[in-house]
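Notes follow once the structure below has been shown.
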Amino acid sequence: MMKKKAVALIVTSLMVVPAFAEKPAWAGNGKPTVEQREAHRKSMEGRDEIEGQRKEELEKQEKEKEKKLKKEKKERSEHMNDGEGDVDSQQLKGLEKQREKKSEQIQKELGKGSEEGLESRETRRKWWKFWGE
C-alpha cells in the first residue's frame, strides 16, 4: 500500500513540474504587427530572388557543360576520321577478349565447391522469400 502511494506521488510530481515552467519569450505574443508582416514578406521576396539567381547560374553551367561535351564528341569523331581509328579498334578487341575471359571464369567457378556446400546453397531459403514455394 505504501509503495503504491509513493509511486503515485512520484508520477504526479513528474507531471506537475512542467506546468510551473516559465513561458519562453517568443511564445504567446499574439498576431504579428503590420511592420513584422511586411518585414517577413520582404525577406521572403529577397530569398526568392536569390534562389532565382542560383537557378539561372546552374542553368548556365549546365549549358556550358553540354557545349563542352558536344565539342569533345565532335573532336573525337574528327580524330576517328583522321586515321586514328586503328587505336580504337585495338581497344575494342582488347575489351572483347576481357569479356570472353570473364564469361569463361564464371563458368569455371560454377562446378567448384564441395557437394555439401552446393547442396546447402540449393536448399537455402532466400531472405526475400518469406512464404515457401
Side-chain angles (χ1 to χ4, degrees):
M1 186 73 137
M2 182 73 144
K3 290 181 184 179
K4 291 181 181 178
K5 289 182 181 179
V7 170
L9 181 64
I10 292 171
V11 170
T12 54
S13 64
L14 290 174
M15 297 174 89
V16 170
V17 170
F20 292 114
E22 288 185 31
K23 190 188 296 188
W26 54 267
N29 292 335
K31 293 185 177 181
T33 63
V34 176
E35 294 88 18
Q36 291 173 337
R37 280 189 249 149
E38 283 294 317
H40 178 70
R41 187 179 58 77
K42 288 179 182 177
S43 68
M44 294 303 284
E45 287 175 358
R47 192 177 93 198
D48 291 341
E49 290 175 8
I50 292 171
E51 287 179 5
Q53 291 173 353
R54 287 182 185 164
K55 286 181 183 178
E56 290 174 2
E57 290 175 7
L58 289 174
E59 289 173 359
K60 287 180 184 178
Q61 290 174 356
E62 288 295 323
K63 288 179 182 177
E64 289 175 4
K65 286 180 183 178
E66 289 176 8
K67 287 179 183 178
K68 287 180 182 179
L69 287 174
K70 287 180 182 178
K71 186 177 179 181
E72 289 175 3
K73 285 182 181 179
K74 188 176 179 181
E75 290 175 358
R76 282 189 212 140
S77 65
E78 290 174 0
H79 287 296
M80 296 273 294
N81 294 334
D82 291 343
E84 293 183 13
D86 297 336
V87 175
D88 290 332
S89 63
Q90 290 175 355
Q91 289 176 349
L92 290 174
K93 288 179 184 176
L95 290 174
E96 289 175 10
K97 288 180 182 177
Q98 284 181 353
R99 286 186 194 129
E100 289 175 13
K101 287 181 182 179
K102 287 273 187 180
S103 64
E104 290 174 11
Q105 180 183 11
I106 292 170
Q107 292 175 358
K108 286 179 185 176
E109 292 176 358
L110 284 177
K112 290 187 177 179
S114 65
E115 292 177 15
E116 294 174 3
L118 291 172
E119 193 175 304
S120 68
R121 276 185 242 129
E122 289 175 2
T123 59
R124 189 180 304 151
R125 289 183 61 196
K126 303 296 183 193
W127 65 268
W128 61 86
K129 293 183 180 179
F130 297 110
W131 301 278
E133 289 182 350

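Chaining together hydrophobic side chains whose heavy atoms lie under 4.5 Å apart places Ile10 alongside Leu14.
Distance NZ/Lys55 to CG/Leu58: 10.0 Å, rounded to 0.5 Å. A distance of 13.0 Å separates CD in Glu72 from NZ in Lys70, rounded to the nearest 0.5 Å. The line from CD of Glu100 to CD of Gln98 is 11.0 Å long, rounded to the nearest 0.5 Å.
Annotation: side-chain hydrogen bond (donor to acceptor under 3.5 Å, both in side chains) contacts of Glu38 (sequence neighbours excluded): Arg41. With sequence neighbours left out, Met44 forms a side-chain contact (heavy atoms from CB on, under 4.5 Å) with His40, Arg47.
Both Met15 and Val7 belong to a single network of hydrophobic side chains, linked directly or stepwise wherever heavy atoms of I, L, V, M, F, W or Y lie under 4.5 Å apart.
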